[in-house]
Amino acid sequence: MVQILVLGSGCSKCQITTAMIERVAKERGVAVEIGKVTDRDHIHAMGVHHTPAVMVDGQLVHSGGIPTRQAVVLWLSPKPLELLKNPSRHLFFTGKGGVGKTSLSTAVALYLADSGKKVLLVSTDTATNLDEMLGVALKNTPTPVPQVPGLSVLNIDPDTAAEAYRQRVVAQIATDSSAQELATVREQLSGACTTEIASFDEFASLLSDPDQAWDHVVFDTAPTGHTLRLLSLPKAWTGFLAGNDRGASCLGPHSGLKMQEVRFKAALDALSDPAQTTVVLVTRPDAGAIREASRTSDELKALGLSNQRLVVNGVFHASARKDAIACAMEDLGLQALKNMPPNLMALPQDQVPLRAFDTVGLTALRALLGQGSAPPAGELATQGPTQGQGLDALADALAQAGHGLIMVMGKGGVGKTTVAAALSVGLVQRGKSVHLSTTDPAAHLSVTLAGELPGLQVDRIDPLVETQRYVEKIMAAKGPHLDAQEQALMREDLRSPCTEEVAVFHAFARIVSEARSAFVVLDTAPTGHSLLLMDATGAYHRQMMREFEGQASGRLVTPLMRLQDPDYTRIILVTLPETTPVSQAQALQEDLRRAKIEPFAWVINKSVLAAGTEDPLLSARLRGERMQMDRVANGLSKRTYLVPWRAKAPIGLAELSGLVSRQAICSPPLPPECARPPPY
């Protein structure tokens, strides 16, 4: 909130000055509190002798006459982020899904490029929407961004990286290898493990780049759980390869992975060097996002990444003090920031205010950090659902079946865990037995439920537990036929980071099969990680069909076949009424349809439009919200359910139950303190 005082007698010039400040603030989405001082003695005591005068945050910025519009724009423009004053070569943006990593990393890359630097913006998120934000078709090679000299963008696409990796590996095989040996290697390189190591290989090459082709490399990473996995790989693979001259058997006997050891070591060194790498933890003024940032900070320090900064994105201050929704939203943010854990409080911190516009396009991205004017606001759409069926109706529809798999999917930060937990509670209320689990490495189910409910079994697919279980299973099956040295070699191979991916898939397949006799609700990882799991499901299906070809394949049922069966599986896509989450949900739906999996319904979560507000900044954002609701309802979704923004976070069985009880959807009650005067 920018504090402004207009000093003067209240004459027409003072009124024009005040009106201009209000108008520019609204256009730029800046929250301001304007006070007036009209007492002449008081004005003189402040050292002001010519009016109208203006003070911004306690500093006199203007005295005498009506200020120019350019001057007002400058007063309301945020100062450059501290992290931009002396940025390291590598900048990693990470955090909980939905906190604005892509927007901020792209805005920072733009700022650096506009400052004359040569910048490469890299996305490690398979569900990225950088192409939509920048208007550039993403490739696995650096692509210049039109109208931004010095800026190129690159997307580490797993499929493209995996194919290039396979070709390199096969090319290393001796020319006298038989066709059978070549086929064996290609088969070994067909799994999800190869996809992961290929993506990591691309990532490592950017960190260990000896040519220093770029002044800055800015990484827009996948949501936290997947990013921690990525950043842990340099250490994991370096440890695995140390002293292992045989290569990794899961990547083919002639993979040549050992040859990459120098590159992996250089990547680890670059990540660990504070002079080269800064990790930017992005959060919102939200308790859940701040908790995850705190946990991520500790885990990254354990990996040796100690050079960290914090950016709090979307900080909101209500300007309409009689608007209960706006005040409640501000109160939640202030309370979350006040309770920030000590490890985050100790980090250098920047704050970025909530803007009145979606960050799509160069104009909006520059305006996010105060570089240039905000994009013009469009007209408020007149169509689109502001009221509609809620999660109670969706729970009713799902409960009609006696059993089945319900997969809740979507971009990080859209509320998948809340929706999955609420639907599970709703099904139990309707007399069903439910197994609720998650494939998300950052699992938040226990925090969201905050209690136990008879008829509801809750757990998670823990990668460490599943990996140990998988290793012991393999050793029990094959170990007895091996001597001590061969057993030791097998255990060494199973230390490969790839084993975790295989183990998680087997756990996923096991849980999917449980839906034959009960309800299974899966809270999935954010889109990119879930797509990798789906890739593994498809690879397993193809492998099984090949192995059983010509045999009793008619009785074979793979996990993919269960996901494709609409009577067995119902996919729920969760989104927010914003451009990026809707675009990513649309892309996910297209990916699922290519795999012959049809989503059952969409849930539009946290709708401020459905809750109702008159705050100028929030009202400006409602234009985009209404547009996205139209987009979903008029072509993307066969069934759409709507959840209003709630002043009280839906945590705990009582709150979750309220989301799925059989009652009309309406704006939730707000705490009385929302009507209090501003805390300034």
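Contact of the L365 side chain with the M133 side chain is registered, since non-hydrogen atoms from C-beta on lie closer than 4.5 Å. Under the 4.5 Å side-chain criterion, counting only non-hydrogen atoms from C-beta, L456 is not in contact with L427. Side-chain contact between Q308 and T278: absent, with no pair of heavy atoms (C-beta onward) separated by less than 4.5 Å.
To the nearest 0.5 Å, atom CD1 of residue I572 and atom CZ of residue R639 are 8.5 Å apart. For the atom pair OG1 (T579) and CE (M627), the distance works out to 7.5 Å, reported to the nearest 0.5 Å. Summarising the geometry, atom OG belonging to S297 is positioned 5.0 Å from atom CG belonging to N343; distances are rounded to the nearest 0.5 Å. Note that CG of L609 and CD1 of I604 are 10.0 Å apart. Values are rounded to the nearest 0.5 Å. Summarising the geometry, atom CG belonging to D331 is positioned 10.0 Å from atom CZ belonging to F316; distances are rounded to the nearest 0.5 Å. The distance from the CG atom of L394 to the CZ atom of R570 is 10.0 Å, given to the nearest 0.5 Å.
Nearest heavy atom pair, residue A399 against residue F519, reads CA-CZ, 4.3 Å. Pairing each heavy atom of G314 with each of R284, the nearest pair is CA-NH1, 3.5 Å.
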For this session: Kindly determine whether S583 and R631 satisfy side-chain hydrogen bond (donor to acceptor under 3.5 Å, both in side chains), including the steps that lead there.
Result: CA-CA 10 Å; S583 294; R631 181 180 169 193; 2.9 Å; yes
Exercise. Going through the checks in order, is the side-chain hydrogen bond (donor to acceptor under 3.5 Å, both in side chains) test met by D220 and T102?
Worked result: CA-CA 6 Å; D220 167 37; T102 300; 2.9 Å; yes
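Within 6.0 Å of NZ in K301 there are more than 12 heavy atoms belonging to other residues, nucleotides or ligands. Within a 6.0 Å sphere centred on NZ of K26, heavy atoms belonging to other residues, nucleotides or ligands number 12 at most.
Between E82 and R309 there is no salt bridge, since no side-chain N of the basic residue sits under 4.0 Å from a carboxylate O of the acidic one.
Aromatic ring orientation, H62 versus W75: tilted (interplanar angle from 30° to 60°).
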